[in-house]
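Worksheet for the structure shown next.
Please read these numbers as outputs of a predicted model, since none were measured by experiment.
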Amino acid sequence: MQTVHDICSVAAALAGELAQEQQEVLYSLCKAAASELRLRLRSGVSPEDCYEAFVCAAAYLALSRFYTAAEGDISAFEAGAIKISKADAAQTAQRLARTAEQLLSAYVTSPDFVFRRVRV
């Protein structure tokens, strides 16, 4: 699947050098992020309609989850140009997730909308 490959390429470029096990985890997270975001696209919008935004948003979301997962196991983490201490991991993950949301905001249904009830 080309989309997942492109998402993994972007995520790997942002993360820098990773051990084989970390690469496998990141690949799984990229696949999951692509599936999640695909389901959130508005009706009639496909990943191809917003390809660059979709790929970047999924990569950011996957990295967000990657850093969240690593948070409990590390005191400091360095990948490429990104260096994160344990104290920074949660904030970095939140920023990455927020950036992913912003990148796709024009193409997805609002995650904040909840239809509670109708008064008659």
query: Would a 4.5 Å heavy-atom cut-off, applied to side chains only, mark Phe66 and Leu96 as touching?
result: no
- prompt: Ala19: what forms a side-chain contact (heavy atoms from CB on, under 4.5 Å) with it, not counting sequence neighbours?
  reply: Glu21, Gln22
- request: List for me each residue that meets side-chain contact (heavy atoms from CB on, under 4.5 Å) alongside Ala34, sequence neighbours excluded, and say none if there are none.
  value: Val4, Ile7, Arg38, Phe54
task: Would you mind reporting whether Cys8 and Leu26 have side-chain heavy atoms less than 4.5 Å apart?
output: no
query: Can you check whether His5's main-chain N or O pairs, donor with acceptor, with Ser9's side chain at less than 3.5 Å?
result: yes
message: Applying side-chain contact (heavy atoms from CB on, under 4.5 Å), can you list everything that pairs with Ala57, at least two apart in sequence or on another chain?
response: Leu37, Ala100, Leu103, Leu104
- request: Not counting sequence neighbours, which residues clear side-chain hydrogen bond (donor to acceptor under 3.5 Å, both in side chains) with Gln20? List them please.
  value: Glu24
- prompt: With sequence neighbours left out, what residues match Ser46 under side-chain hydrogen bond (donor to acceptor under 3.5 Å, both in side chains)?
  reply: Glu48, Asp49
message: Could you work out, with side-chain hydrogen bond (donor to acceptor under 3.5 Å, both in side chains) as the rule, every residue matching Glu36, not counting sequence neighbours?
response: Arg65
message: With side-chain contact (heavy atoms from CB on, under 4.5 Å) as the criterion, how do Val55 and Glu52 come out once you've worked through the C-alpha distance, each side chain's angles and the decisive distance to 0.1 Å?
response: CA-CA 5 Å; Val55 167; Glu52 283 82 17; 6.0 Å; no
message: Quick one, Arg95 and Tyr67 - any side-chain contact, counting heavy atoms below 4.5 Å?
response: no
- request: Test Gln102 against Tyr60 for side-chain contact (heavy atoms from CB on, under 4.5 Å), laying out the working first.
  value: CA-CA 11 Å; Gln102 291 168 345; Tyr60 273 86; over 6 Å; no
